[in-house]
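Just so we're on the same page: letters track the sequence lines, and every chain starts at 1. The structure presented is a predicted model; accordingly, all values stated were derived computationally and were not measured.
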Amino acid sequence: MAAEKWVYMVTAQTPTNIAVIKYWGKRDEVRILPVNDSISVTLDPDHLCTVTTVAVSPAFDQDRMWLNGKEISLSGSRYQNCLREIRGRAGDVEDKDKGIKIAKKDWEKLHLHIASHNNFPTAAGLASSAAGFACLVFSLAKLMNVNEDPSHLSAIARQGSGSACRSLFGGFVKWTMGSKEDGSDSVAVQLADEKHWDDLVIIIAVVSSRQKETSSTSGMRESVETSLLLQHRAKEVVPKRILAMEEAIKTRDFSSFTQLSCADSNQFHAVCLDTSPPIFYMNDTSHRIISLVEKWNRSEGTPQVAYTFDAGPNAVLIARNRKVAVQLLQGLLYYFPPKSDTDMRNYVVGDNSILKEAGLDGANSVENLQPPPEIKNNIGSQDQRGEVSYFICTRPGRGPVVLPDQTQALLDPETGLPK
Amino acid sequence: MAEEKWVLMVTAQTPTNIAVIKYWGKRDEVRILPINDSISVTLDPDHLCTLTTVAVSPSFDRDRMWLNGKEISLSGSRYQNCLREIRSRGDDVEDKAKGIKIAKKDWEKLHLHIASYNNFPTAAGLASSAAGFACLVFSLAKLMNVNEDQSQLSAIARQGSGSACRSLFGGFVKWNMGVKEDGSDSVAVQLADEKHWDDLVIIIAVVSSREKETSSTSGMRESVETSLLLKHRAEEVVPRRISEMEEAIKNRDFTSFTKLTCTDSNQFHAVCMDTSPPIFYMNDTSHRIISLVEKWNRSVGTPEIAYTFDAGPNAVLIAKSRKVAVELLQGLLYCFPPKPDTDMKSYVLGDKSIVKEAGLEGGDVPQEIKDKIGNQDQKGEVSYFICSRPGKGPVVLQDQTQALLNPQTGLPK
């Protein structure tokens, strides 16, 4: 038989997610097992996603990966663990049209080409590893005809990046910490799908940051080693919050959802501050946004907007409904207007149809904004121009999907190299 | 007898203090009893102090007080509690030279004039209530010939403002939380006097702040009510830190002192963040200063500088020795230079002699200092610096020219 040159490919798209009850701290650094459960909201991949193409061919002589166009090394333990685990579960594959047949035992010897692309900047601190590893595992599972459900797959993605396991589902997801040493029960499960609570609108403020931040991996390890408050959080506080949050999501209780999200975000950052040396992920702009939301909620009587921050200064704001989201955006743009020559469509990205609803799509529309009545005079100086780089408007979204459209593949179907 | 117009006066000076193991949270709001012990360093009153003149006269028709020149109300419970407690302990007083005689039972019926003055701006967030209430109680105790020791007086000052009790002593002070309901055992004691560890130099960075801060009183109440981490701190963490800090002070162990001071400051602020709504006392400038110190200590190997922050963005930095303090000041001035038209004499207050030692009246910052700081490309905002040291406790000022009230009228000068 002539040297086989066929290339067999799958392209998939995976969302990112934002934790509302936070994961911070591992009990096992190798298997990536956490000290507590966590719960997240999956964001709409139309706005924020990772696309990954995986290809296999007898013509490939080594595993290779390209991330956002740049070749990266797969030698690290996280990639190696994911590849080993997924290969170990591969099944028989047949593509009759192309005359390709791969037997289960062949996968060990075949090499892979992987190309991955985030549609949002890595520097924006928007948790690209979660979407990335979830996509890697999902797309390889499809390629290799792995016969496992998303929870089983999440246990593999978890070994690439903890929070990646939660990106195997849409809607509202829980990562159960598990108790087994081998981590086989440390998996993600879906609490509710993306349609369950689709009133919610999410606005992310991408906050300008000059600081190089402490990575989550080293940060949480330092917290486990040095924070005297972390164990108490993990053992006494989080378990109760997990139950309360599951209930809040089930019953669409926005007040409880807000109280829990905000309190847990703040406690996570409190533990970072209680670390030695202390870790500051939020900055003055983050604090001002929190102030704005806290005052708003208090003046309205019942909470309208929840906030949460990950390991960086970006604010993820969750509005009760579209109407509130529009008012929130007006308020945010009043306090954080764009620089003079900025096109609004580059300043509010994602679902930017919200600009029209907010009356903000015309010229000079920002200058004409009135101060939000509830917060007038209370928030300190108005106009923190330049403190927010841009906003993203999105919503709860669906889980990973295969993209059948060949034009979206990131690798060339003949060569298996990046297009 | 002609209508009595005599005026008897005492003037006293009291230091302020900075907690290194923090007080945050009360178990009794009325008696001001804390949920954990705390330890503080008393600052040199030459640089930061409250001066108070208290006067008594049969011609005064009511209690009156002036603070920094402005008359204020004494009707609040904190003032009322202090006045009641100290009055009930008043004793016989005789000033032979002036022919004044006050019997124990007279104090109930006599009225007081009180004038108090802080030599540092109230807006600077430098804990003026601590020094203020300590001075009030101390000066009244002297006026009324109260026969109580400093610890017993601290229990009265405590009822004005919790941290005031620690300003009844110089050096290193501990406020025992106590267990009794009546708070009679919730008192300050001296761990060591100001000479015990006099190598230490303290530099305070008064950080510009646009925010109106949450008051300590309401902040700590909100923390008690809403922080799920506070109780664990008070019951599990602080007791051990108190023992270790006492040991570190006794042995002049700067490494342990630094570790305990920095972690306790950070944990206090962590609890504030864990409050609902969250309280942020530190700002980006505060964080940059912490970063600077953390890098410095790591690059040198053993800690040379400790930091602590109270309920505001000001940094209190404690340097191991004068030499370190001089280098630190050079580093700070490099990162936080004064505005072009600012005189160095208005930018570094307190012990200004350090400015000359740091060679800062002209000339560049040495490269090795720049190396210790790391790459600080972000200039922050510091209003000014105060250079101080551990200092003595309250004293009576004999010099009549320092009195804040007129000796004839008993009114502010």
### Task
Output the option from Asn297(A), Thr285(A), Asn283(A) having the highest count of non-hydrogen pairs under 4.5 Å with chain B.
Asn283(A)

### Summary
If you tally heavy-atom pairs under 4.5 Å between each of Gln259(A), His287(A), Glu294(A) and chain B, the highest tally belongs to His287(A)

### Query
Does Lys26(B) NZ have over 12 foreign heavy atoms under 6.0 Å away?
yes

## Note on the structure
Ordered numerically, the heavy-atom neighbours of chain A under 4.5 Å found in residues 259-280 of chain B are Thr263(B), Asn266(B), Gln267(B), His269(B), Ala270(B), Met273(B), Asp274(B), Pro277(B), Pro278(B), Phe280(B)

### Query
Do Lys240(A) and Leu228(B) come close enough that some side-chain heavy atom pair is under 4.5 Å?
no

### Query
What parts of residues 240-254 of chain B touch chain A if we use heavy atoms and a cut-off under 4.5 Å?
Arg241(B)

## Note on the structure
Bottom line for Leu229(A): the part with an atom under 4.5 Å from chain B's heavy atoms is both

### Message
Nearest 0.5 Å, please: how far is CZ in Arg233(B) from CG in Leu228(A)?
### Response
10.0 Å

### Segment of Leu229(B) engaging chain A (4.5 angstrom heavy-atom cut-off)
both

### From Lys231(B) atom NZ to Glu236(A) atom CD, the distance as rounded to the nearest 0.5 Å
11.0 Å

